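Take a look at the structure set out below.
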Amino acid sequence: MQRTELDTYLNQYLEVARFRDYCPNGLQVEGRAELRSIVTGVTASLALLDAARDAGADAVLVHHGYFWRGEEPRVTGTRRARIALLLAHDINLFAFHLPLDAHAEVGNNVQLARILELPVAGRFCEQDIALHGAFDAPLPLSALARRVAERLGRVPLVIGRDDQPVRRIAWCTGGAQGYLEEAVRLGVDAFISGEISEQTVHLARESGVAYIAAGHHATERYGIRALGEHLAARFGLAHTFIDIDNPV
Ligand SMILES: [Zn+2]
């Protein structure tokens, strides 16, 4: 398919225009015009680009791309190396940040709910990105933490008592520890995100809302992969998801 056709489709499918974001969403680095094979990954790191080039990708699609607001804009050092690789091999780079967190089918938060079997009842927070719901019956925090460890392949950092019952739950993938306060206001028993900050611990302890830091990378693997699978099924593109491990 043509790059322009994919670009138009993605902007519409992911409702890019609906979001105020910290980076440009969509085509970030232009490569060849015709696409047969795509690679998806969480972050457009040099390791992912190397692997995508070896796989013969015409386009790389990521959740974390380039050109973040407030970031040093000069194309030097590691940024130069990444962009040089894309340009030298004529590979397109597409990035989708908040639109991919929020999407109702391939979004990171909906996909995390699928992996962890979390009940989706509604949305909250900035631009309706985060999700919440309630289990039919409460489960102990330790059981939920075990499920997170098993399904994501990474032991989470948990703030709360093992036997604390969790019925109402909210979650937002990545670095959404700042949303804990809104989750507390929502009245949930536990909040899951990727990262954790020093102050998150105190807020969790003092509010009584348990906090599970399940990993930024570990919680954001699923949206971009689901997007790649969707595009492969719809347009007949060859698709490979490449997981470049990140302990954070
Ligand atoms: Zn992220």
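For the single chain, residues carry numbers from 1 onward in sequence order. Remember, it's 1-based here, ligands and their atoms both numbered in the order they're listed. Bear in mind the structure is a predicted one, so any value in this text is a computation, not a measurement.
Among all heavy-atom pairs drawn from Leu186 and Arg168, the shortest one is O-NH1, 3.2 Å.
For CZ of Arg80, the number of neighbouring non-hydrogen atoms (other residues, nucleotides, ligands) closer than 6.0 Å is 12 at most.
Counting only N and O atoms by type, the side chains of Tyr211 and Gln177 include no donor and acceptor under 3.5 Å apart. A donor and an acceptor atom, one from each side chain of Glu126 and Tyr179, are located under 3.5 Å apart.
Between Tyr9 and His230, the ring planes lie parallel to each other; the angle is under 30°, not in the 30° to 60° tilted range. Between His97 and His64, the ring planes are tilted. Angles from 30° to 60° get that label.
Only protein N, O or S atoms were considered, and those under 2.8 Å from the Zn ion (ligand 1) are His64 NE2, His216 NE2, Glu220 OE1.
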